[in-house]
J.: 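One structure is given below, represented as structure tokens, and several questions about it will come after.
Computed from a predicted structure; not experimentally measured.
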Amino acid sequence: MANNSKPPRAWQRMLSGRRLDLLDPSPFDVEIEDIARGIARVARWNGQTKGDHAFSVAEHSVVVERIFARLNPKSSAADRLMALLHDSAEYVIGDMISPFKSALGLDYKDFEARIETAIHLRYGLPAKPSARLKKTIKKADIYCAYFEAVQIAGFSIDEADKYFTRPPADLRIRLRPLPVAEAEAFFLKRFEQLNRQLVKT
């Protein structure tokens, strides 16, 4: 008997009208408005945070970029834009907590990296950050996670010290989870600022 089943759909339609092939993502199908809309609706900590609103990946991304810029005042606009976009692939794959990423293994990381590469190329960035840049962005990401853990995710200071890295004493961040529309606009505004700086260089 002939098998008439169609192969599973491997693309996602965006509100911009773009169709992003998840297996072979093209930079031409990436739009920042789609990214902003998606990550503003993705909750950090699987939504297990205090307050009336989830702490979105969009807001997290802006905070990480601010921490990165504070720690690296001589960084370029391209470096800061990469910091802002460090979780941008999550607009299609969601924000999986670290234990789940570990359980899925390297195939997940490769899948995530392909989408990230398409995003970078779309905005004139290197396909992959250098090892040094990736490390410095990760440091800012970990510091942000510490602030999130103790301020909104219910961790005690002792727990946060065990699982995360405490930020320097002079680095102070106060988190206020934003409504979805505000988080989306917050991310887009910072992207536009950095993108304008990048175009001028």
J.: Does Arg18 reach the main-chain N or O of Phe28 with its side chain, forming a donor-acceptor pair under 3.5 Å?
T.: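 Confirmed, Arg18 side chain pairs with Phe28 backbone.
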J.: Quick one: does Leu85's side chain get under 4.5 Å of Leu125's, heavy atoms only?
T.: yes
J.: May I ask you to test the Glu31-Leu15 pair for a side-chain heavy-atom distance under 4.5 Å?
T.: no
J.: Looking at every heavy atom in both Ala118 and Pro25, which two are closest together, and how far apart are they?
T.: CB-O, 3.7 Å
J.: Would you name the heavy atoms of Ala127 and His120 that are closest together and state the gap between them?
T.: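 Closest heavy-atom pair between Ala127 and His120: O-ND1, 3.0 Å.
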J.: Are Pro126 and Met82 packed together at the side-chain level, in the sense that at least one heavy-atom pair is separated by less than 4.5 angstrom?
T.: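 Yes. Closest side-chain heavy atoms under 4.5 Å.
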J.: Any idea which heavy atoms bring Ser56 and Ala40 closest together, and the distance?
T.: CB-O, 3.5 Å
J.: Does any N or O in the side chain of Gln151 come within less than 3.5 Å of the main-chain N or O of Leu175, such that one atom is a donor and the other an acceptor?
T.: yes
J.: Regarding Arg114 and Asp110, does a basic nitrogen lie under 4.0 Å from an acidic carboxylate oxygen?
T.: yes
J.: Should Leu84 and Phe68 count as side-chain neighbours, where that means a heavy-atom distance under 4.5 Å?
T.: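 Leu84 does not reach Phe68 side chain to side chain.
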J.: Please step through side-chain contact (heavy atoms from CB on, under 4.5 Å) for the pair Arg70 and Arg66, ending with a clear verdict.
T.: CA-CA 6 Å; Arg70 172 89 177 270; Arg66 285 183 174 173; over 6 Å; no
J.: Would you name the heavy atoms of Tyr91 and Gly38 that are closest together and state the gap between them?
T.: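 Closest pair (atom of Tyr91, atom of Gly38, distance): CB-CA, 4.2 Å.
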J.: Kindly compute the distance separating CZ (Arg122) from CD1 (Ile35), expressed to the nearest 0.5 Å.
T.: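 The CD1 atom of Ile35 is 8.5 Å from CZ of Arg122, to the nearest 0.5 Å.
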J.: Going by heavy atoms in the side chains, are Thr49 and Pro177 under 4.5 Å from each other?
T.: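 Not touching, per the 4.5 Å side-chain cut-off.
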J.: Determine, stepwise, if the pair Leu71 / Tyr143 fulfils side-chain contact (heavy atoms from CB on, under 4.5 Å).
T.: CA-CA 11 Å; Leu71 298 175; Tyr143 287 165; 3.8 Å; yes
J.: Take a 6.0 Å sphere around CG of Asp52 and say whether it holds more than 12 heavy atoms from other residues, nucleotides or ligands.
T.: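 Incorrect, the count does not exceed 12.
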J.: Can Phe111 be reached from Val57 by stepping across I, L, V, M, F, W or Y side chains whose heavy atoms are under 4.5 Å apart?
T.: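 Yes, because Val57 and Phe111 connect within a single hydrophobic cluster, where side-chain heavy atoms sit under 4.5 Å apart.
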J.: Could you report the tightest heavy-atom contact between Glu59 and Phe55, atom names first, then the distance?
T.: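 Closest approach of Glu59 to Phe55: CD-CE1, 3.4 Å.
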J.: For the residue pair Ser61 / Asp87, report whether a side-chain donor-acceptor contact shorter than 3.5 Å exists.
T.: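 Their side chains do not contain a donor-acceptor pair, so the 3.5 Å distance test is not met.
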J.: Is a donor on one side and an acceptor on the other found under 3.5 Å between the side chain of Asp141 and the backbone of Ile137?
T.: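 Absent.
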J.: Kindly compute the distance separating CZ (Arg37) from CD1 (Ile39), expressed to the nearest 0.5 Å.
T.: 12.5 Å
J.: Give the cluster check for Phe147 versus Trp45: same hydrophobic cluster or not, with ILVMFWY residues linked at side-chain heavy-atom distances below 4.5 Å.
T.: no
J.: At what distance, to the nearest 0.5 angstrom, does CD of Glu148 lie from CD1 of Ile173?
T.: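 Output value for this atom pair is 10.5 Å.
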J.: Assigning hydrophobic clusters by single linkage (Ile, Leu, Val, Met, Phe, Trp, Tyr; side-chain heavy-atom cutoff under 4.5 Å), is Leu133 placed with Leu198?
T.: yes
J.: Which atom names give the shortest non-hydrogen contact between Leu188 and Ala36, and what distance separates them?
T.: CG-CB, 3.6 Å
J.: Calculate, to the nearest 0.5 Å, the distance between atoms CG and CH2 belonging to Leu20 and Trp11 respectively.
T.: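 Output value for this atom pair is 11.0 Å.
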J.: With salt bridge (charged side-chain N to carboxylate O under 4.0 Å, His left out) as the test, would you mind laying out the steps for Arg41 and Glu184 before giving the verdict?
T.: CA-CA 8 Å; Arg41 287 159 174 76; Glu184 183 177 343; 3.1 Å; yes
J.: So do the side chains of His60 and Cys144 get within less than 4.5 Å of each other, counting heavy atoms only?
T.: yes
J.: Is there a side-chain contact between Ile67 and Leu171 (heavy atoms, below 4.5 Å)?
T.: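 Touching, per the 4.5 Å side-chain cut-off.
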J.: Is Leu178 linked to Val62 within one hydrophobic cluster, defined over Ile, Leu, Val, Met, Phe, Trp and Tyr using a side-chain heavy-atom separation of less than 4.5 Å?
T.: yes
J.: Are the side chain of Asp29 and the backbone N or O of Asp21 linked by a donor-acceptor pair below 3.5 Å?
T.: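 No.
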J.: Of all residues at least two apart in sequence or in a different chain, which pass the side chain to side chain donor-acceptor pair (under 3.5 Å) check with Tyr146?
T.: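 Only Asp161, Arg166 meet the side chain to side chain donor-acceptor pair (under 3.5 Å) criterion with Tyr146.
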J.: Only counting residues at least two apart or in another chain, list the ones meeting side chain to side chain donor-acceptor pair (under 3.5 Å) with Glu65.
T.: Arg190
J.: Can you check whether Ser75's main-chain N or O pairs, donor with acceptor, with Arg80's side chain at less than 3.5 Å?
T.: yes
J.: To the closest 0.5 Å, what do you measure between OG1 (Thr117) and CD (Glu112)?
T.: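 Going from the OG1 atom of Thr117 to the CD atom of Glu112 covers 10.5 Å.
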J.: Side-chain heavy atoms under 4.5 angstrom apart, residues restricted to Ile, Leu, Val, Met, Phe, Trp, Tyr: same cluster for Tyr163 and Ile142?
T.: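 Tyr163 does not cluster with Ile142.
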J.: I need the full list of ring pair (Phe, Tyr, Trp, His ring centres under 6.0 Å) pairs touching residues 168-201, with sequence neighbours left out, sorted by first then second residue.
T.: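 Counting only pairs at least two positions apart or across chains, the ring pair (Phe, Tyr, Trp, His ring centres under 6.0 Å) contacts touching residues 168-201 are Tyr123-Phe191.
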J.: Calculate, to the nearest 0.5 Å, the distance between atoms CZ and CG belonging to Arg132 and Asp79 respectively.
T.: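 One finds 8.0 Å between CZ of Arg132 and CG of Asp79.
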